[in-house]
Amino acid sequence: MTMDHEQAFVTLATNDSYAKGAMVLGKSLRNHKTSKKLVVLIGPHVSDQSSSVLHKIYDEVKLVDVMDSGDTAHLAMMKRPDLGVTFTKLHCWTLTHYSKCVFMDADTLVLSNIDELFDREELSAAPDPGWPDCFNSGVFVFRPSNETYGKLLQYCTVHGSFDGGDQGVLNGFFCDWSTTDITKHLPFIYNMSSIAIYTYLPAFKQYGANAKVVHFLGQRKPWSYTYDPKQRRVRGEIQDATPHPSFLVDWWILYSSEVVPLLLRAYGDLPFHSGCEEGVAQHALSSMTSEERKQKWEQGQADYMGMDSFDNIQKKLDVFLK
Ligand code: UDP
Ligand code: GLC
Ligand code: MN
């Protein structure tokens with residue numbers, strides 16, 4: 001019997017943008033009451049502020065500096081600098097103080113408890129929507145092992161990656177995934193790319209309600225949009241005639257309510273852009289004297305979305321407490 005503390009969800013963030021994704025992912029795993037440890041691998045370009053917030057959400061924040069490794073990884077990197085992120089992801093195999101792990105991309109969001117994934121074996125993953133004989137490496141079950149890590153690096157040096165990323169390497173290395181053992185095929189609901197909504201809408205209507213993990217695969221990530229908290233709308237989201245649940249809005253609700261307050265606290269007086277639009281009311285109110293504002297507040301007319309929003313109040317409190 002393996003113990004829960006020997007098992008972990010693992011993600012990766014090499015910069016502050018992906019760190020936002022990792023924060024939302026971590027929160028979503030906690031909110032759905034995972035009993036597993038949470039680990040985030042970070043690169044040296046992640047700011048101290050982001051790192052401090054990650055420490056609040058994750059059990060373990062591990063700095064992985066690829067350029068410092070000076071070993072096989074480093075050499076292979078030199079030959080193929082395009083594989084930078086790949087090497088960082090493969091680092092998850094070195095987490096040998098865990099017996100089994102589930103890797104999740106920082107652009108995934110958990111919609112219900114998925115601890116049952118730990119019943120699966122290495123290497124379990126869901127089909128890639130673009131080429132279903134390949135698995136998508138945004139969610140996979142693996143067993144940390146220095147031996148496997150070494151073999152993976154060796155594989156990279158010899159064969160490289162057919163897609164320039166980790167998914168090419170992993171599909172090359174675990175090449176019997178599509179033919180050998182069906183229990184290693186995770187159902188699509190554990191890595192449902194939001195693209196599937198548009199490419200196969202009837203299937204999404206039939207099965208989408210069962211989705212447990214949504215993956216914002218592709219160039220445009222949730223954090224590259226802006227959000228209007230008043231209307232609960234994501235600016236620039238593709239709107240079509242068929243109404244379907246917006247996972248993008250789900251991501252933003254979690255980010256704006258549970259992650260932004262932590263980030264504002266971490267940044268203190270330093271500028272930080274949450275991506276949440278500040279209501280027009282804020283600009284109107286900013287010309288108001290504090291006495292006028294106080295009166296409005298006392299009359300029960302607080303501007304909850306603007307000047308008197310939780311974020312602004314939190315910021316003020318933090319300045320006073322410092
Ligand atoms: N990643 C990262 N920094 C980067 C690019 C990627 O930390 O600059 C990590 C992050 O965990 C991300 C994963 O690598 O989720 C895979 O990249 P991405 O999700 O952008 O690929 P996609 O799923 O869109 O193909
Ligand atoms: C894929 C996966 C992602 C991987 C990338 C590079 O589309 O979604 O996890 O990092 O390709 O191989
Ligand atoms: Mn991804």
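Basis for what follows: all heavy atoms, side chains included, without hydrogens, waters or symmetry-related copies. Each ligand, and each atom within it, is numbered from 1 in the order the structure gives.
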> Phe103 to ligand 1: N or O pair under 3.5 Å?
Replying inline: no

One finds that the ligand 2 atoms under 4.0 Å from a non-hydrogen atom of Gly138 are 9 (O)

Ligand 2 to Gln167, heavy atom cutoff 4.0 Å, flagged ligand atoms 1 (C), 2 (C), 7 (O), 8 (O), 11 (O), 12 (O)

In this structure, CG of Asp166 is separated from NZ of Lys89 (nearest 0.5 Å) by 3.5 Å

The atoms of ligand 1 lying under 4.0 Å from a heavy atom of Asp107, numbered in the order shown, are 15 (O), 19 (O), 23 (O), 24 (O)

Worked check of side-chain contact (heavy atoms from CB on, under 4.5 Å) between Ser52 and Arg265
CA-CA 10 Å; Ser52 77; Arg265 207 170 305 167; over 6 Å; no

query: Looking at side-chain heavy atoms only, is the closest gap between Phe272 and Ser274 below 4.5 Å?
result: yes

Near His215 (heavy-atom distance under 4.0 Å), the atoms of ligand 2 are 8 (O)

Apply side chain to side chain donor-acceptor pair (under 3.5 Å) to residues Trp131 and Gln167 and explain how you reach the verdict. CA-CA 12 Å; Trp131 196 268; Gln167 185 163 310; over 6 Å; no

So is there a nitrogen or oxygen of Leu12 less than 3.5 Å from a nitrogen or oxygen in ligand 1?
yes

State whether the shortest distance between N or O atoms of Gly218 and N or O atoms of ligand 1 falls below 3.5 angstrom. yes

Of Asp128, Asn171, Asp166, the one whose closest heavy atom lies nearest atom 4 (C) of ligand 2 is Asp166

Answer yes or no for His215: is there a heavy-atom contact with ligand 1 below 4.0 Å? yes

* Is the count of non-hydrogen atoms from other residues, nucleotides or ligands lying under 6.0 Å from Arg30 atom CZ greater than 12? -> yes

Per-atom filter on ligand 2: closer than 4.0 angstrom to a heavy atom of Ser137 are 2 (C), 3 (C), 4 (C), 9 (O)

Notebook entry, point to check: Would Trp93 and Phe140 count as a close aromatic pair, with their ring centres under 6.0 Å?
Noted result: yes

Would you say ligand 1 has an N or O under 3.5 Å from any N or O of Thr11?
no

task: Could you walk me through whether Gln7 and Lys100 pass the side chain to side chain donor-acceptor pair (under 3.5 Å) test, one step at a time?
output: CA-CA 5 Å; Gln7 303 182 330; Lys100 197 189 277 185; over 6 Å; no

So the atoms of ligand 1 within less than 4.0 Å of a heavy atom of Ala13 turn out to be 7 (O)

* Asked: Does Gly138 have a non-hydrogen atom less than 4.0 Å from ligand 1?
  -> no

Distance col, row Ile57:CD1 vs Leu38:CG, nearest 0.5 angstrom, shows 9.5 Å

Given a cut-off of 2.8 Å, the protein N, O or S atoms lying below it from the Mn ion (ligand 3) are Asp105 OD2, Asp107 OD1, Asp107 OD2, His215 NE2

Side chain to side chain contact (heavy atoms under 4.5 Å, CB included) filter on Ala126, not counting sequence neighbours, yields Leu186, Asn191

- Task: Report yes if some N/O of Asp105 lies less than 3.5 Å from some N/O of ligand 1; otherwise report no.
- Result: yes

Exercise. Please confirm whether the backbone N or O of Asp16 pairs with a side-chain atom of His45, one donor and one acceptor, at under 3.5 Å?
Key: no

Note: ligand 1 atoms sitting under 4.0 Å from heavy atoms of Asn15 are 8 (O)

Non-hydrogen side-chain atoms of Phe103 and Phe9 separated by less than 4.5 Å:
no

For Lys212, the salt bridge (Lys or Arg N to Asp or Glu O under 4.0 Å) test, sequence neighbours excluded, returns Glu116

So the atoms of ligand 2 within less than 4.0 Å of a heavy atom of Asp105 turn out to be 3 (C), 8 (O), 9 (O)

For Leu217, the atoms of ligand 2 under 4.0 Å from one of its heavy atoms are 8 (O)

Check: Do the charged groups of Lys37 and Glu6 touch, with an N to O distance under 4.0 Å?
Finding: no

In the structure I gave you, are the side-chain heavy atoms of His215 and Met192 within less than 4.5 Å of one another anywhere? no

- Query: Could a heavy atom of Lys221 be found less than 4.0 Å from some atom of ligand 1?
  - Reply: yes

With sequence neighbours left out, the residues meeting ring pair (Phe, Tyr, Trp, His ring centres under 6.0 Å) with Tyr58 are none

